[in-house]
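Heads up: the structure comes next, in structure tokens.
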Amino acid sequence: MNNTTLILRDGTVLLLEKDAASVADTTANAETGAENAAENTASGEQTTTTSTTGTTSSTTSKTDKNKNEGEGGGLLSMLPMLLIYGAIILALYFIMIRPQRKKSKEEKKMRENLQVGDEIVTIGGIYGRVISLKEDTMVIESKSDHSKITVARWALQQDLTVHEETEK
């Protein structure tokens, strides 16, 4: 008799005992055992197949999933990626969103502090002096021909008049 140990790529160990009469049976049984072992190792089980003259016995045991599959990386392996995404979002906030909010607050404050007689520039490039103010509109008098124009308050781009700020 001839004993042969065969280790497959998936970790299955086949112990083959060969004699002249059962070589064909052993080969067929080994192939069946290898197919069963491949199915079991895919589900996290360890399979050992022992083949003797004409018979094949198979032993299957559950093993620790963390040991076989290296499953310590669930959240831990995602941590660097999450940190990078968080840093990108934080950088975008400080580069884009925060300055825009600051600018809009300053514009709102400028529109609220507008007074009759202030020299202004509209977003259309019209220079003028404020004649009257309403809730959403203002009437300005242009510098060149002293014509009166009604414009929306949101159209104010710049107040050229310097006001002394009174602290509260």
Side-chain angles (χ1 to χ4, degrees), residues 6-14 30-49 58-168:
L6 180 65
I7 301 175
L8 301 178
R9 287 185 187 176
D10 61 357
T12 305
V13 178
L14 298 175
E31 289 174 1
T32 306
E35 290 173 2
N36 291 339
E39 291 173 5
N40 291 337
T41 55
S43 65
E45 299 176 350
Q46 184 178 5
T47 304
T48 305
T49 303
S58 183
T59 308
T60 305
S61 64
K62 273 285 193 192
T63 58
D64 188 27
K65 272 190 159 185
N66 290 341
K67 187 176 178 183
N68 276 349
E69 296 176 14
E71 192 188 297
L75 182 61
L76 192 60
S77 68
M78 288 178 38
L79 188 63
M81 182 180 65
L82 292 174
L83 288 175
I84 290 171
Y85 282 141
I88 290 171
I89 290 170
L90 189 66
L92 288 176
Y93 174 78
F94 281 109
I95 291 171
M96 296 172 62
I97 298 170
R98 190 168 179 239
Q100 183 64 33
R101 285 187 180 176
K102 185 177 179 182
K103 184 179 177 183
S104 66
K105 282 182 183 180
E106 289 174 357
E107 289 174 353
K108 183 178 178 184
K109 183 180 176 184
M110 178 182 63
R111 289 185 187 110
E112 290 174 353
N113 293 335
L114 191 63
Q115 299 172 357
V116 175
D118 286 353
E119 299 285 329
I120 64 161
V121 179
T122 65
I123 59 173
I126 300 172
Y127 284 79
R129 186 173 42 119
V130 178
I131 294 177
S132 71
L133 291 169
K134 295 184 181 172
E135 187 174 323
D136 293 333
T137 61
M138 61 183 164
V139 178
I140 62 170
E141 181 181 56
S142 67
K143 282 189 165 185
S144 61
D145 60 357
H146 299 292
S147 61
K148 294 179 179 153
I149 305 168
T150 302
V151 294
R153 280 184 98 140
W154 60 261
L156 175 64
Q157 179 178 355
Q158 186 177 7
D159 188 358
L160 301 173
T161 307
V162 177
H163 295 285
E164 291 182 23
E165 294 184 23
T166 57
E167 294 185 27
K168 296 180 181 179

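Numbering of residues begins at 1 and proceeds along the displayed sequence.
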Inset, instruction - Quick one: which residue pairs count as a salt bridge (Lys or Arg N to Asp or Glu O under 4.0 Å) with a foot in residues 120-138, not counting sequence neighbours? - result: Arg129-Glu141
Inset, instruction - Identify, with sequence neighbours excluded, every residue that meets side-chain contact (heavy atoms from CB on, under 4.5 Å) alongside Asp145. - result: Ser142, Ser147
Inset, instruction - Could you list the residues that satisfy side-chain contact (heavy atoms from CB on, under 4.5 Å) with Lys143, not counting sequence neighbours? - result: Glu119, Tyr127
Inset, instruction - Rounded to the nearest 0.5 Å, what's the gap from CG on Leu114 to CG on Leu133? Could you check? - result: 5.0 Å
Inset, instruction - Identify, with sequence neighbours excluded, every residue that meets side-chain contact (heavy atoms from CB on, under 4.5 Å) alongside Ile123. - result: Trp154, Ala155, Gln157
Inset, instruction - From the options Val121, Val130, Asp118, select the one residue that forms a side chain to side chain contact (heavy atoms under 4.5 Å, CB included) with Asp159. - result: Asp118
Sequence neighbours excluded and cut-off under 3.5 Å, please list the side-chain donor-acceptor pairs for residues 96-107, or say none.
from	atom 1	to	atom 2	distance (Å)
Ser104	OG	Gln100	O	3.4
Ser104	OG	Arg101	O	2.9

Inset, instruction - Can you measure from OG1 (Thr161) to CG (Asn113) and round to the nearest 0.5 angstrom? - result: 12.0 Å
Legend entry - Inter-residue atom distance Lys108.NZ - Arg153.CZ, 0.5 Å rounding: 12.0 Å
Legend entry - Check: Ile120 and Met138 side chains under 4.5 Å, non-hydrogen atoms: yes
Inset, instruction - For Ile126, enumerate each residue passing the side-chain contact (heavy atoms from CB on, under 4.5 Å) test, keeping only those at least two apart in sequence or located in another chain. - result: Thr122, Ile140, Ile149
Legend entry - Any Leu79 side-chain heavy atom under 4.5 Å of Leu75 side chain: no
